[in-house]
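Shown next, in structure tokens, is the structure this report addresses.
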Amino acid sequence: MSEQVRITVWNEYRHEQNNPKVAAVYPEGIHAAIAAPLREQGFEVRTATLDEPEHGLTEEVLAATDVLIWWGHMAHGDVRDEIVDRVQQRVLEGMGLVVLHSGHFSKIFKRLMGTSCDLKWRESDDRELLWVVAPEHPIAAGLDQFITIEHEEMYGEHFDVPPPEALVFISWFSGGEVFRSGCCYTRGAGKIFYFRPGHETLPTYHHADVQRVIANAARWAAPTTKLLRVFGNTPAHVKQG
Ligand code: ZN
């Protein structure tokens with residue numbers, strides 16, 4: 001990496017503190033499990049959680065964040081609207097956003113998509129195959145034809161999101177459902193990636209290929225240039241008349 005990508009991993013961090021089954025899988029929190037392999041890859045990584053002041057997402061933190069990774073589930077409603085406004089503004093200015101698993105129902109993802117983001121789900125120990133349907137895409141770099149996750153929660157179509165600008169993965173579940181599991185979007189100057197796996201009671205974020213996808217997504221979503229965005233009343237650039 002020529003310039004180091006600065007990542008903030010945001011986690012609601014409630015299940016781990018309330019449910020011993022989750023704490024057994026992620027003793028230091030899902031954010032710590034996601035952050036550690038990213039640090040090993042050479043990213044500059046900080047973490048932030050819901051119960052910190054301003055949810056850990058101050059103006060200063062967001063200004064120093066190239067890519068924000070988001071995991072939330074039981075407390076989407078506790079995320080303050082002014083912080084959602086702030087994150088949305090940064091995405092429009094070019095900050096990347098990687099939304100994981102149950103983050104499909106987060107305020108920030110629903111705001112950026114403009115749809116319900118609803119889906120089907122089932123906790124019944126399905127097997128999941130994530131088929132790479134865009135092998136040329138940078139988020140699929142280094143992967144085989146598919147990723148196998150032996151135990152995962154099922155998410156099924158229909159997934160009520162806008163048609164993705166690029167679709168990197170389609171999941172198949174042993175119960176028969178399929179799901180668009182890796183969806184790319186742009187909003188303003190910001191790149192957004194939704195990645196499906198990661199139920200809190202299962203060790204999905206310890207899976208090497210899942211970690212690889214998150215790292216690839218962070219590289220892809222990072223702003224590539226210092227953006228010059230000019231709006232509003234403007235003089236003619238060519239002499240007229
Ligand atoms: Zn889940």
Side-chain angles (χ1 to χ4, degrees), residues 9-16 18-19 22 30-31 34 50 55 57 68-89 91-92 96-131 133-134 139 147 149 151-188 190-202 204-205 210 213-214 217 221:
V9 180
W10 190 90
N11 178 18
E12 170 185 286
Y13 197 31
R14 291 272 175 87
H15 287 290
E16 299 94 322
N18 300 341
N19 183 344
V22 180
I30 287 172
H31 53 293
I34 293 170
L50 178 63
H55 309 326
L57 299 175
L68 177 63
I69 297 176
W70 193 279
W71 196 99
H73 179 227
M74 62 187 286
H76 292 316
D78 292 354
V79 177
R80 281 162 41 202
D81 290 334
E82 62 264 39
I83 307 297
V84 177
D85 293 344
R86 189 184 284 171
V87 172
Q88 179 188 22
Q89 191 54 41
V91 170
L92 297 178
L97 179 68
V98 177
V99 176
L100 299 171
H101 189 59
S102 40
H104 73 92
F105 256 166
S106 61
K107 287 185 181 179
I108 183 61
F109 190 61
K110 291 198 288 186
R111 169 87 62 87
L112 288 161
M113 295 298 105
T115 55
S116 76
C117 301
D118 211 343
L119 47 77
K120 295 193 185 79
W121 60 277
R122 175 176 64 243
E123 276 187 79
S124 71
D125 219 15
D126 275 79
R127 183 162 182 248
E128 177 177 12
L129 301 186
L130 290 106
W131 285 91
V133 293
I139 292 177
I147 300 170
I149 303 178
H151 306 285
E152 249 295 1
E153 180 182 14
M154 187 282 296
Y155 277 8
E157 296 284 344
H158 178 56
F159 184 22
D160 183 25
V161 285
E165 293 161 29
L167 180 63
V168 184
F169 301 103
I170 294 176
S171 284
W172 167 90
F173 293 90
S174 48
E177 291 85 0
V178 294
F179 190 79
R180 288 168 291 166
S181 277
C183 300
C184 299
Y185 298 94
T186 48
R187 292 291 184 270
K191 299 195 199 87
I192 301 165
F193 183 60
Y194 174 77
F195 188 47
R196 194 218 75 85
H199 188 63
E200 65 273 6
T201 57
L202 299 167
T204 301
Y205 294 119
V210 170
V213 170
I214 293 171

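If you're wondering where the values come from, they're calculated on a predicted model, not measured in any experiment. Residue numbers count from 1 along this sequence.
Note: Ile83 CD1 to Trp10 CH2 = 10.5 Å, rounded to the nearest 0.5 Å. Atoms CG and CE, from Asp125 and Met154 in turn, are 13.0 Å apart once rounded to the nearest 0.5 Å. Between the OG atom in Ser124 and the CD atom in Glu153 there is a gap of 9.5 Å [rounded to 0.5 Å]. Between the CG atom of Leu119 and the OH atom of Tyr155 there is a distance of 6.0 Å, given to the nearest 0.5 Å. Atom OG1 in Thr204 sits 9.0 Å away from atom CZ in Phe195 (nearest 0.5 Å). Note: Ser106 OG to Leu97 CG = 7.5 Å, rounded to the nearest 0.5 Å.
Minimum heavy-atom separation, Val98 to Ala217: CG2-CB, 4.1 Å. A pairwise comparison of heavy atoms in Lys110 and His104 identifies CG-O, 3.9 Å as the closest pair. In plain terms, the two heavy atoms of His76 and Lys107 that are nearest each other are O-CE, 3.8 Å. Heavy-atom minimum distance, Gly72 versus Ser102: O-OG, 2.8 Å. Between Ser174 and Arg127, the shortest heavy-atom distance links the atoms OG-N, 2.8 Å. Counting all heavy atoms, side chain and backbone alike, His101 lies closest to Gly198 at CD2-O, 3.3 Å.
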Worksheet item: Do His31 and Ile69 pass the side chain to side chain contact (heavy atoms under 4.5 Å, CB included) test, and can you show the C-alpha distance, the side-chain angles, and the key distance before you say yes or no?
Response: CA-CA 9 Å; His31 53 293; Ile69 297 176; over 6 Å; no

Worksheet entry | Verdict with supporting geometry, Ile192 and Met113, side chain to side chain contact (heavy atoms under 4.5 Å, CB included) | CA-CA 10 Å; Ile192 301 165; Met113 295 298 105; 4.2 Å; yes

Discussion item. Before you tell me yes or no, could you show the steps for Ser171 and Leu129 under side chain to side chain contact (heavy atoms under 4.5 Å, CB included), namely the whole-Å CA-CA distance, both residues' side-chain angles and the distance that decides it to 0.1 Å?
Written reply: CA-CA 5 Å; Ser171 284; Leu129 301 186; over 6 Å; no

Fill in: Criterion side chain to side chain contact (heavy atoms under 4.5 Å, CB included) on Leu57 and Leu68, from CA distance to verdict
CA-CA 10 Å; Leu57 299 175; Leu68 177 63; 4.0 Å; yes

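Within 6.0 Å of CH2 in Trp131 there are more than 12 heavy atoms belonging to other residues, nucleotides or ligands.
Salt bridge annotation for Glu165-Arg187: present, with a cationic side-chain nitrogen under 4.0 angstrom from a carboxylate oxygen. Remark: Glu12 does not engage Arg14 in a salt bridge, criterion side-chain N to carboxylate O under 4.0 Å.
A donor-acceptor contact shorter than 3.5 Å is absent between the side chain of His199 and the backbone of Glu152. In terms of modelled atom types and a separation under 3.5 Å, the side chain of Thr201 and the main chain of Val22 share no donor-acceptor contact. Judged by distance alone, the side chain of Glu157 and the main-chain N or O of Glu177 form no donor-acceptor pair under 3.5 Å. Under a 3.5 Å cut-off, the side chain of Asn11 and the backbone N or O of Tyr13 do form a donor-acceptor pair.
Aromatic ring centres of Phe159 and Phe179 lie closer together than 6.0 Å. A distance of 6.0 Å or more separates the ring centres of Tyr194 and Tyr185.
Only one option out of Phe109, Trp70, Phe193, Trp71 pairs with Leu100 in a side chain to side chain contact (heavy atoms under 4.5 Å, CB included); it is Trp71.
At least one side-chain heavy atom of Ile147 sits under 4.5 Å from a side-chain heavy atom of Val213.
For the residue pair Asp160 and Thr115, no side-chain donor N or O sits within less than 3.5 Å of a side-chain acceptor on the partner. Side-chain atoms of Asn19 and Glu200 form no donor-acceptor pair, as typed in the model, at a separation below 3.5 Å.
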